[in-house]
Amino acid sequence: MLLFKKASDLGRFIAEIKNEGRSIGFVPTMGALHEGHLSLVQKSLEMADWTVCSIFVNPTQFNDPADLEKYPRTPDADLGMLVNSGCQTLFMPGVEEVYPPGLAEGPSFDFGSLDKRMEGARRPGHFAGVAQVVRRLLELVQPRFLFMGQKDFQQAAIVRSMLQQMYPGVNLVLCPIIREADGLAMSSRNVRLTQAQRNLAPLIYQTLLDAKKKIHSHTPAQLCTDAMRRLAVPGMVPEYFEIVDGHSLLPVQSFEDSDYVVACTAVKLGEVRLIDNSILKN
Ligand code: AMP
């Protein structure tokens with residue numbers, strides 16, 4: 001696996017790959033890799049001629065400085081996992097490579113309803129930071145395919161909108177959520193859970209599954225109320241449980257109103273904030 005730390009070196013290499021007419025698959029990550037990340041790499045290896053993964057903990061998408069500081073960083077383990085996965089190139093830049101002084105900001109995006117609710121409402125500036133880093137990385141990597149996880153459903157919807165607005169030649173490939181055996185969605189943040197919190201955490205997926213079972217007998221509003229109640233156990237604080245149209249991310253009043261319905265939730269276990277979702281109807 002080739003490792004680049006400098007944007008200029010990566011840029012020269014990408015130019016060579018593109019000159020050879022090879023398609024690039026890109027997997028952006030913030031490291032602390034797990035099987036979820038590797039499933040994206042695997043998909044890229046299947047679909048693209050050349051796979052580039054990036055590891056960059058992007059400071060501009062953290063609205064909470066403590067979350068940035070405590071974000072897990074495991075570069076040695078990450079390197080080993082990527083080499084074993086067959087990933088061909090890793091870009092692991094420092095902040096100054098991604099945001100060099102004088103870098104043009106570019107026009108800001110209008111995401112309409114996509115960034116107003118759920119994570120957008122609770123994490124001010126988060127999606128502006130995501131859009132900023134994805135734009136910069138796309139300019140550097142110039143992929144044909146961009147692999148992202150359904151785990152971050154709202155993020156993927158926003159990036160899809162960004163691609164439509166500015167990078168129509170890049171195809172977003174949404175990959176399914178990889179879970180632990182007990183249903184907890186894999187996340188870099190899971191290692192921060194205490195044993196007691198870890199034991200509680202599968203309730204998130206159980207609640208999503210329960211909602212899915214009841215879509216023929218309950219309204220979205222009833223399911224959201226039930227789910228919020230179910231998640232409010234000692235040690236867990238649900239922030240939201242929303243049932244939304246998968247395209248607009250606006251709440252649906254009835255399951256008949258949309259052919260693509262997703263339940264999205266965020267909960268806090270102590271200091272650790274976890275998100276998860278389930279496609280209820282598609
Ligand atoms: P992150 O490192 O958390 O920024 O995630 C990098 C990419 O991996 C994003 O596209 C995530 O949606 C995706 N991802 C994270 N966790 C999972 C998971 N459990 N299953 C599938 N994809 C995931």
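In listed order, ligands and their atoms are each counted from 1.
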Heavy-atom proximity to atom 2 (O) of ligand 1 ranks first, among E180, M186, H37, for H37
Notebook entry, point to check: Have Q222 and D226 got a donor and an acceptor in their side chains that come within less than 3.5 Å?
Noted result: no
for atom 4 (O) of ligand 1, nearest protein heavy atom and its distance come out as M30 CG, 3.6 Å
shortest atom 6 (C) of ligand 1-to-protein heavy-atom contact is with P28 O, 3.4 Å
Exercise: do Q142 and Y167 side chains pair donor with acceptor under 3.5 Å: no
Of all protein heavy atoms, the one nearest atom 23 (C) of ligand 1 is K151 CB, 4.0 Å
So, D276 versus T265: side-chain donor-acceptor pair below 3.5 Å or not?
no
Near-ring test F26/W50, centroid separation under 6.0 angstrom = no
Under 4.0 Å from one or more heavy atoms of L40, ligand 1 contributes atoms 7 (C), 8 (O), 10 (O), 13 (C), 22 (N)
**I178 N/O to ligand 1 N/O under 3.5 Å** = yes
### Distance-only side-chain donor-acceptor flag, S248 / D245, under 3.5 Å
yes
* To do: Please determine if D152 has a nitrogen or oxygen closer than 3.5 Å to a nitrogen or oxygen of ligand 1.
  => yes
Check the side chains of S161 and Q165 for a donor-acceptor pair under 3.5 angstrom, ignoring hydrogens and angles. yes
Between Y205 and E180, is there a side-chain donor-acceptor contact under 3.5 Å, judged purely by atom types and distance?
no
Determine whether any heavy atom of H34 lies closer than 4.0 Å to an atom of ligand 1.
yes
Looking only at protein heavy atoms, what sits closest to atom 21 (C) of ligand 1 is P176 O, 3.3 Å
Numbered in order shown, the ligand 1 atoms found under 4.0 Å of a heavy atom of G36 are 18 (C), 20 (N), 21 (C), 22 (N)
heavy-atom search around atom 10 (O) of ligand 1 in the protein gives G149 N, 2.9 Å
Open item on the list: Using only atom types and a distance under 3.5 Å, with no angle test, would you say the side chain of D78 pairs donor to acceptor with the backbone of L33?
Closed with: yes
Within 4.0 Å of some non-hydrogen atom of Y71, the atoms of ligand 1 are 3 (O)
Output for pair (K43 NZ, M47 CE), nearest 0.5 Å, gives 6.0 Å
Geometric N/O contact C175 with ligand 1, under 3.5 angstrom:
no
The atoms of ligand 1 lying under 4.0 Å from a heavy atom of M148, numbered in the order shown, are 10 (O)
